[in-house]
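Numbers here are sequence positions counted from 1. In listed order, ligands and their atoms are each counted from 1.
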Amino acid sequence: MDLSESLSKAHGKLASFKAGPDFSDWAAVPRQIEGVFQTLPGVFSADGPDRGSVLLAKALPAKFGGKVADLGAGWGYLARAILGHPGVKRLDLVEAEADALTSARVNITDERARFHWADATTFRPDTQLDAVVMNPPFHHGRDADPALGAAFIQAARRMLAPSGALWLVANRHLPYDAALTAAFLEHREVAGDGAFRVIHAIKPIRAKP
Ligand SMILES: C[S@@+](CC[C@H](N)C(=O)[O-])C[C@H]1O[C@@H](n2cnc3c(N)ncnc32)[C@H](O)[C@@H]1O
């Protein structure tokens, strides 16, 4: 579709295009990644796996407890890595963006996976979990919002069994230590590079009654 020149005012943009007989050329065309994954335009890291997620996937434990959640699962890159580890009996993929979850359903056909189109910060699994894995979002709209990542950390705390563990990757500059200290008795960096750090957190702090 050919767009006319755009007219910008404040945060808005206006452009026009010649209409066709139907909307068939509006359909989002899936993209193939590494011959294994499919993504839809506009989802996080649609062109290939995120560098932070690759680091996290490599740092995952050799064996998992049975019940695991992937919060902000996107198109399923981490989910596939998690399911490749022994011990996983069930994996909850929680994702707020419908297109990302649609791609995840295509990419993950494992019957242990359950898909939830939901807000991870309020999602409640039907049982306590052994592990939560996540590369939390750090933007809300156009603005960086570390509070969203902090809310993901609190959500993980609520979902985990007392013996459960959180595996998280984040940009090194994001200030998550206060949130981690408030939610877990112990956390430490287990992998990383100049831009990202992978955190393992254990002993979720029980909420006071
Ligand atoms: C940094 S991306 C990571 C995606 C995927 N896990 C990966 O490693 O490629 C964060 C994901 O969280 C999703 N997200 C943002 N806010 C959310 C929310 N409140 N609840 C659930 N998912 C959310 C985004 O749509 C995005 O797919």
Problem set entry | Closest approach of any protein heavy atom to atom 27 (O) of ligand 1, naming residue and atom | Glu95 OE1, 2.8 Å
For this session: Would you check the N or O atoms of Asp50, main chain and side chain alike, for any that come under 3.5 Å of an N or O of ligand 1?
Result: no
Exercise. Just which atoms of ligand 1 are under 4.0 Å from any heavy atom in Glu97?
Worked result: 25 (O)
Exercise. For atom 12 (O) of ligand 1, which candidate among Gly72, Ala118, Gly48 holds the nearest heavy atom?
Worked result: Gly72
Exercise. Counting from 1, what ligand 1 atoms have a heavy atom of Ala73 closer than 4.0 Å?
Worked result: 5 (C), 6 (N)
For this session: Just jot down the ligand 1 atoms closer than 4.0 angstrom to any heavy atom of Asp119, in number order.
Result: 18 (C), 19 (N), 20 (N)
Seminar exercise, completed: Closest to atom 22 (N) of ligand 1 by heavy-atom distance, out of Ser45, Gly149, Ala96, is Ala96
Exercise. Taking NZ, NE, NH1 and NH2 as the nitrogens, is one of them in Arg172 or Glu189 under 4.0 Å from a carboxylate oxygen of the other?
Worked result: yes
Problem set entry | salt_bridge(Lys89, Asp130) N-O dist < 4.0 Å | no
For this session: Mark up the atoms of ligand 1 that fall under 4.0 Å of a heavy atom belonging to Ser53, in ascending order.
Result: 7 (C), 8 (O), 9 (O)
Exercise. How long is the span from the CD atom in Glu97 to the CH2 atom in Trp117, to the nearest 0.5 Å?
Worked result: 10.5 Å
Exercise. Can you tell me the protein heavy atom closest to atom 2 (S) of ligand 1 and the distance?
Worked result: Phe44 CD2, 3.3 Å
Exercise. Are the side chain of Trp75 and the backbone N or O of Phe44 linked by a donor-acceptor pair below 3.5 Å?
Worked result: yes
For this session: Look only at interatomic distance and state if Pro136 has a nitrogen or oxygen under 3.5 Å from any nitrogen or oxygen of ligand 1.
Result: no
Problem set entry | Contact atoms of ligand 1, heavy-atom distance to Leu78 under 4.0 Å | 6 (N), 8 (O)
Exercise. If you measure from each heavy atom of Phe152 to ligand 1, is any distance below 4.0 Å?
Worked result: yes
Seminar exercise, completed: Residue, atom and distance of the protein heavy atom nearest atom 10 (C) of ligand 1 read Asn135 O, 3.4 Å
Problem set entry | CZ on Phe196 to CG on Leu168, rounded to 0.5 Å | 12.0 Å
Seminar exercise, completed: protein heavy-atom neighbour closest to atom 15 (C) of ligand 1 works out as Pro137 CG, 3.4 Å
For this session: Measure the CG-CE distance between Leu78 and Met134 for me, rounded to the nearest 0.5 Å.
Result: 11.5 Å
Seminar exercise, completed: ligand 1 to Ala120, heavy atom cutoff 4.0 Å, flagged ligand atoms 18 (C), 20 (N), 21 (C)
Exercise. Do the rings of His116 and Phe123 sit parallel, tilted or perpendicular, given the 30° and 60° boundaries?
Worked result: tilted
